[in-house]
Amino acid sequence: MLTQVRRASDETTVADAVTILRRGGLVAFPTETVYGLGADALNPEAVERVFEAKGRPADNPLIVHVASAKQARRFAADLPESARTLMEKFWPGPLTVVVERNDLVPDLVTAGLDTVAIRVPRHPVTLALLEAFDGGIVGPSANTSGRPSPTRAEHVVHDLAGRIDFVIDGGPTVIGLESTVVDCTVAPPAILRKGALTREALEQAIGPLQRPDSNGMSRSPGTRHRHYAPRARVVLTPPEDPERFAAVLKECADRRQTIGLLVHSPALKSLRGSVRTTAVTGSEDLARQLFQALREFDAAGVDTIIVEAVEETGIGATIMDRLRRAAEERTE
Ligand code: TXA
Ligand code: MG
């Protein structure tokens, strides 16, 4: 299959993408978080192709992207007040709500669950696409399953060229981490996957959410799977701790490993010994650059990536969630 890559700004891009989606084809699209791999949510064969192209386990449900809250109602059986308030406040934006589904939604999309995840992304061209398509578009991150999510069209091409029909190139995504998935079928609502929208912002809008450590706290099925993994080993060191950082660096160098560094504090930016260093200015910059940096380290062939951790507040909580998973021991 030939994969066409088209600039988001080209006049015919949206119309051509709609044609492909209507034929059951696969179209990767930019959002404010990461690139998604789109297919017609109501076409089970097209949705099946999404799972195949990504190598995604069938027990991991997909998010349905729509143009507006009004469109979201087409797929939901019930919209609790919490969901309505959150949709009103944060859409378009990096929020995915999980609500009861209706019979229109194919089982394949929800992996057999009786809930559906829905979101309105904040990206002008993708919103135009959703409006022109006038339906739901499934959109898992457009990466090979288990790899870092794509924040540039090049990442999508790297992982999926030859397996999908069309890529809309909207340049680098502005946030760089996925949406926050919130279960609105329970009261109070629960965060199933940490994401770009912070717990603090959500709680300001609707009051306290379920505590993360509360008993029976559900997680989104996708968070069970290994994720965000570069080929290289990832080692985390505490924030603002040059001694500890230098010790890990030395240990790796002694073992003759090639090293990539991902750091934010000024004291660490001048450390020598790495094949490649990515220096960021703080948590938001790290969020934006994280997945790109992991991919670049792989391309540079480093053995170990040493990452300086960040404080776990706001977007920092999401960054650390992704980094811990990237650092998990390989099981395969
Ligand atoms: O920012 C994003 O959310 C991106 C862009 C493209 O919109 N999409 C994305 O999709 O990250 P994906 O498939 O990589 O992650 C979706 C997450 C998974 O953890 C999945 O298990 C969870 O949402 N999810 C989907 N449907 C669900 C449901 N009905 N109940 C619970 N979790 C659900
Ligand atoms: Mg994903």
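Sequential numbering from 1 along the given sequence is applied to the chain's residues. Whatever order the structure lists them in is the order used to number ligands and atoms, beginning at 1.
- With hydrogens left out, the protein atom closest to atom 3 (O) of ligand 1 is S179 OG, 2.6 Å, a heavy atom.
- By the criterion of a heavy-atom distance under 4.0 Å, the side chain of R193, and not its backbone, is placed next to ligand 1.
- Given atom 19 (O) of ligand 1, the protein heavy atom at minimum distance is S220 OG, 2.8 Å.
- Classification of E203 and R199 as a salt-bridged pair holds, one side-chain N sitting under 4.0 Å from a carboxylate O.
- Under 4.0 angstrom from ligand 1, the non-hydrogen atoms of L192 all belong to its side chain.
- R56 NH2, 2.9 Å is the protein heavy atom nearest to atom 13 (O) of ligand 1.
- In this structure, the protein non-hydrogen atom closest to atom 4 (C) of ligand 1 is V34 CG2, 3.7 Å.
- The side chain to side chain donor-acceptor pair (under 3.5 Å) test with T31 singles out one residue from R119, E178, H123, and that residue is R119.
- Of the N or O atoms in T31, none lie within a sub-3.5 Å distance of an N or O in ligand 1.
- Taking every non-hydrogen atom of G36 and a distance limit under 4.0 Å, the qualifying atoms of ligand 1 come out as 6 (C).
- The one candidate from L95, V66, T126, L130 that meets the side chain to side chain contact (heavy atoms under 4.5 Å, CB included) condition with V120 is V66.
- With a 6.0 Å radius and a threshold of 12 heavy atoms from other residues, nucleotides or ligands, K250 has its NZ atom at or below the threshold.
- In R101, neither the side chain nor the backbone holds a heavy atom less than 4.0 Å from any atom of ligand 1.
- Put simply, the side chain of N43 gets close to the backbone of A46: a donor and an acceptor are under 3.5 Å apart.
- Not a single N or O atom of Y35, backbone or side chain, sits closer than 3.5 Å to an N or O atom of ligand 1.
- Residue K54 does not touch ligand 1, judged by heavy-atom distances below 4.0 Å.
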What do the steps show when you test R101 against T115 for side chain to side chain contact (heavy atoms under 4.5 Å, CB included), and what is the final call?
-> CA-CA 5 Å; R101 60 175 254 191; T115 55; 5.8 Å; no

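- Here CG of L286 is found 8.0 Å from CG of L177. Values are rounded to the nearest 0.5 Å.
- At least one N, O or S atom of S141, from either the backbone or the side chain, sits less than 2.8 Å from the Mg ion (ligand 2).
- Using a 4.0 Å cut-off to heavy atoms of I63, the atoms of ligand 1 that qualify are 3 (O), 8 (N), 9 (C), 10 (O), 16 (C).
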Report the C-alpha separation of V156 and N143 in whole Å, then their side-chain angles, then the decisive distance to 0.1 Å, and conclude whether the side chain to side chain contact (heavy atoms under 4.5 Å, CB included) test is met.
-> CA-CA 6 Å; V156 180; N143 53 292; over 6 Å; no

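- For the pair A267 and P242, the tightest heavy-atom approach, listed with the atom from each and the gap, is CB-CG, 4.1 Å.
- The one candidate from K54, R147, R152, R295 that meets the salt bridge (Lys or Arg N to Asp or Glu O under 4.0 Å) condition with D159 is R295.
- Closest to atom 20 (C) of ligand 1 by heavy atom, among V109, N60, V98, I137, is N60.
- For atom 9 (C) of ligand 1, the closest non-hydrogen atom of the protein is S141 N, 3.7 Å.
- More than 12 heavy atoms of other shown residues, nucleotides or ligands fall within 6.0 angstrom of atom CZ in R22.
- In this structure, R324 pairs ionically with E312, as a charged nitrogen and a carboxylate oxygen lie closer than 4.0 Å.
- Contact atoms of ligand 1 toward G139: 6 (C), 8 (N), 9 (C), 10 (O) (distance under 4.0 Å to a heavy atom of the residue).
- A donor-acceptor pair under 3.5 Å is absent between the side-chain atoms of R322 and the main chain of L290, judged by distance alone.
- Atoms of ligand 1 lying under 4.0 Å from at least one heavy atom of H65, given by number and element, are 5 (C), 6 (C), 7 (O).
- Close contacts between ligand 1 and L113 involve ligand atoms 28 (C), 29 (N), 30 (N) [criterion: under 4.0 Å to a heavy atom].
- Under a 4.0 Å criterion applied to the non-hydrogen atoms of V181, ligand 1 contributes the atoms 23 (O).
- Of the heavy atoms in T115, both backbone and side-chain atoms come closer than 4.0 Å to ligand 1.
- Near A117, the atoms of ligand 1 lying under 4.0 angstrom from a non-hydrogen atom of the residue are 25 (C), 26 (N), 27 (C), 29 (N).
- The distance between the ring centers of H65 and F29 falls below 6.0 angstrom.
- Taking every non-hydrogen atom of P140 and a distance limit under 4.0 Å, the qualifying atoms of ligand 1 come out as 10 (O), 12 (P), 13 (O).
- Atom 33 (C) of ligand 1 has P61 CG, 3.7 Å as its closest protein atom, hydrogens excluded (heavy atom only).
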